[in-house]
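Report on one structure; see the data block that follows.
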Amino acid sequence: MAEYTSLEKVRLQKIEDLRAEGIETYPTRAERTHTSAQAAAEFEAAEKSAADPTSIPEVKATLAGRIRAMRAMGKLTFAHIEDGAGKIQLFLRVNEIGKERLALFDKMFDIGDFVQATGKMMRTKAGEVTLHVLDFKLLAKAVTPLPADKDVAQEDGSVVRYAAIESPELRARQRYADLAVNPDVRETFRKRATLIKSLRAFLDDHDFLEVETPILQPLYGGAAARPFVTHHNELEQDMYLRISFELYLKRLLVGNMERVYEIGRDFRNEGVSFKHNPEFTQLEFYWAYADYLQVMELTEQMVAYAAEKVAGSTTVKFGEHELDFKPPWKRVEMRVGILEASGIDIAEHKTAEDLFKAIAAKHPKKTPDPKVTRGKMIDFLLGEFLEPTLIQPTFLYNYPRDISPLAKSIPGDPLTVERFEGYAAGFEICNAFTELNDPLDQEQRFIDMQSDYTDDEEEKNPLDEDYLRAMRYGMPPNGGFGMGVDRLAMLLTNKHSIREVLLFPALRKEE
RNA sequence: GGGCGCGUAGCUCAAUGGUAGAGCAUCGGCCUUUUAAGCCGUUGGUUCGGGGUUCGAGCCCCCGCGCGCUCACCA
């Protein structure tokens, strides 16, 4: 049972008092005729049409919104309400409202309450477009005050207070309050919706079919990550929440679906950070008869298209950087990029042992775990030396085979696969390759993975026999692609934590 | 999971180991063009929780909880 603070008790008492007077505190219906923006626009048009200020046609409106500020001055009251379109001022005067009703508004209404006000539009002496209220109605009483104070020290030592919430915990845990108080947060999530819509539109326009594959899976796969495990009672078996869509989407290529994509949630039972949340939104597509170079081109077009829709330009501000997503993006072969960033040529060190010695000789303070595979060491070099330097959108291409069990080798180079990752602002946003479609090779890769990681239970991928069965029916050559949509959302909204672009990021439960 | 930091009124923050405070919000009053209005007055605390040291703990010590930063993990 909730325990009420003294402020809440005051408001609960007001609810009781209002009801005692026959005023409904949570009426079922509202009678809004205009949004704040519509009413203001109509009034401004009326002003323009008038020959002189005394002959402005009357604009009547009933507005609805949440009280954000109140200034009671005895026989006058000013208030601001905020609706989906913005804020607008209300002006109440004893002349029209009467002493009792004005006192009711002043004493019984609070910041945070939803109200409806009917009147005619006017402009105040200060020049603000305002609703001159003739009648009003409570729509919903708020019991808890919005936690909306933020003090900012000014240069002259004074303190200015803004209606805003700053505490990251409070903002994430009570996103409803954050949204109610911080308009820019609503704007971020509007942009996120635009982003997802634009990705869909782009892929639809390129003849990709949107599909939905299981989130609840008897086996997991398609990525190296620990899954969440759950249990189906009637089937009496454990189920996994998917860690990627890959193996299901590629089954669809076996079924003659040539271009498919899915936008949905992936779940990875791993650490959280500024770029990791246990559940995140993934976009994957698979494209028959294409290879990774074609996917690369489509990727830069798609992201540029999305940037244009979300930010209005292919150039976006991200912290101190200006990121330019305009195609073509910079392309760097991974071997060359690592050589330039670390001074080590991975092509000259073809075993894990050799490579480790080379790293230890060159960078004695930055060495990988000596027990890992060559591919993992290369990945270490990439993360340690190269990744932080990739600020402008860049494709890194040609990856080690042993960390890419689902990608096809480069003809004539068995250690390297046709794979690329897209980077921007120093982190990975997407990952793609020419997909392995040889069922015999695929089976061997799965078996190799099992032995490479025998002592690493967490990274062991279960062998998916049904996926191999599907491949044996024949899979067309194809290019596949995966992208962390949340990370792209971060880039396009200039947010530096994934929590800022997730409405309800994962948090420990309270208490 | 490791390291560092933080947790005090509804909110934002103070308080050498010595009576827990300020601003805003609340509540009461004045005020017919305000805009985080203003002025006067008023109320409000399990100092995150539990234990310990001490004559005395918001402060020192231990354990726990939550959050932030960071490292590890994340082909």
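Just so it is clear: chains get the letters A, B, ... in the order the sequence lines come, proteins before strands, and each one is counted from 1. This one's a predicted model, so the numbers in the text were calculated from it and none came from an experiment.
- Side-chain N/O atoms of A:N95 and base N/O atoms of B:rU32 include a donor-acceptor pair closer than 3.5 Å.
- Going from the C1' atom of B:rU19 to that of B:rG52 covers 25 Å, rounded to whole Å.
- Interface remark: the A:T124 side chain does form a donor-acceptor pair with the B:rU34 base, using a distance-only criterion of under 3.5 Å.
- Residue contacts shown for A:S404 are absent, as no nucleic acid heavy atom lies under 4.0 Å away.
- Distances were taken from every side-chain heavy atom of A:V10 (C-beta onward) to each of B:rA75, B:rU34, B:rC27; the shortest belongs to B:rC27.
- When the C1' atom is used for both B:rA20 and B:rG45, the distance is 8 Å, rounded to whole Å.
- Among the nucleotides B:rU32, B:rC73, B:rG44, the one closest to the side chain of A:E270 is B:rC73.
- With hydrogens and angles ignored, a donor-acceptor pair closer than 3.5 Å exists between the side chain of A:Q89 and the base of B:rU34.
- Interatomic distance, A:I447 CD1 to A:R445 CZ, rounded to the nearest 0.5 Å: 12.5 Å.
- Considering A:F105, A:F91, A:F114 as possible partners of A:F136, the one that fulfils the ring-ring contact (aromatic ring centres under 6.0 Å, His included) test is A:F105.
- Nucleotides B:rC59 and B:rA14, compared at atom C1', are 13 Å apart to the nearest Å.
- Look at the C1' atom in both B:rG10 and B:rU26: the space between them is 9 Å, to the nearest Å.
- Side chain of A:E384 to backbone of A:L381: no donor-acceptor contact under 3.5 angstrom is found.
- Note on A:A72: a base of the nucleic acid sits closer than 4.0 angstrom, heavy atoms only.
- The side chain of A:E128 lies closest to B:rU35, out of B:rU35, B:rU33, B:rA75.
- We find that A:D113 and A:R66 are not joined by a salt bridge, their nearest charged nitrogen and carboxylate oxygen being 4.0 Å or further apart.
- The residue among A:H276 and A:G74 whose nearest nucleotide of RNA chain B is located toward the 5' end is A:G74.
- Going from the C1' atom of B:rG23 to that of B:rU42 covers 16 Å, rounded to whole Å.
- Separation of the C1' atoms belonging to B:rG56 and B:rC63 is 23 Å when rounded to the nearest angstrom.
- Residue A:K14 places at least one side-chain N or O under 4.0 Å from the OP1 or OP2 atom of B:rC27.
- Projected onto RNA chain B by closest heavy-atom contact, A:E384 and A:S497 fall at different nucleotides, the more 5' of which corresponds to A:S497.
- Comparing the P positions of B:rC6 and B:rC62 gives a spacing of 14 Å, expressed to the nearest Å.
- Nucleotides B:rA25 and B:rC67 have their P atoms positioned 32 Å apart, rounded to a whole Å.
- Look at B:rU19: it lacks any Watson-Crick or wobble partner with both distances under 3.5 angstrom.
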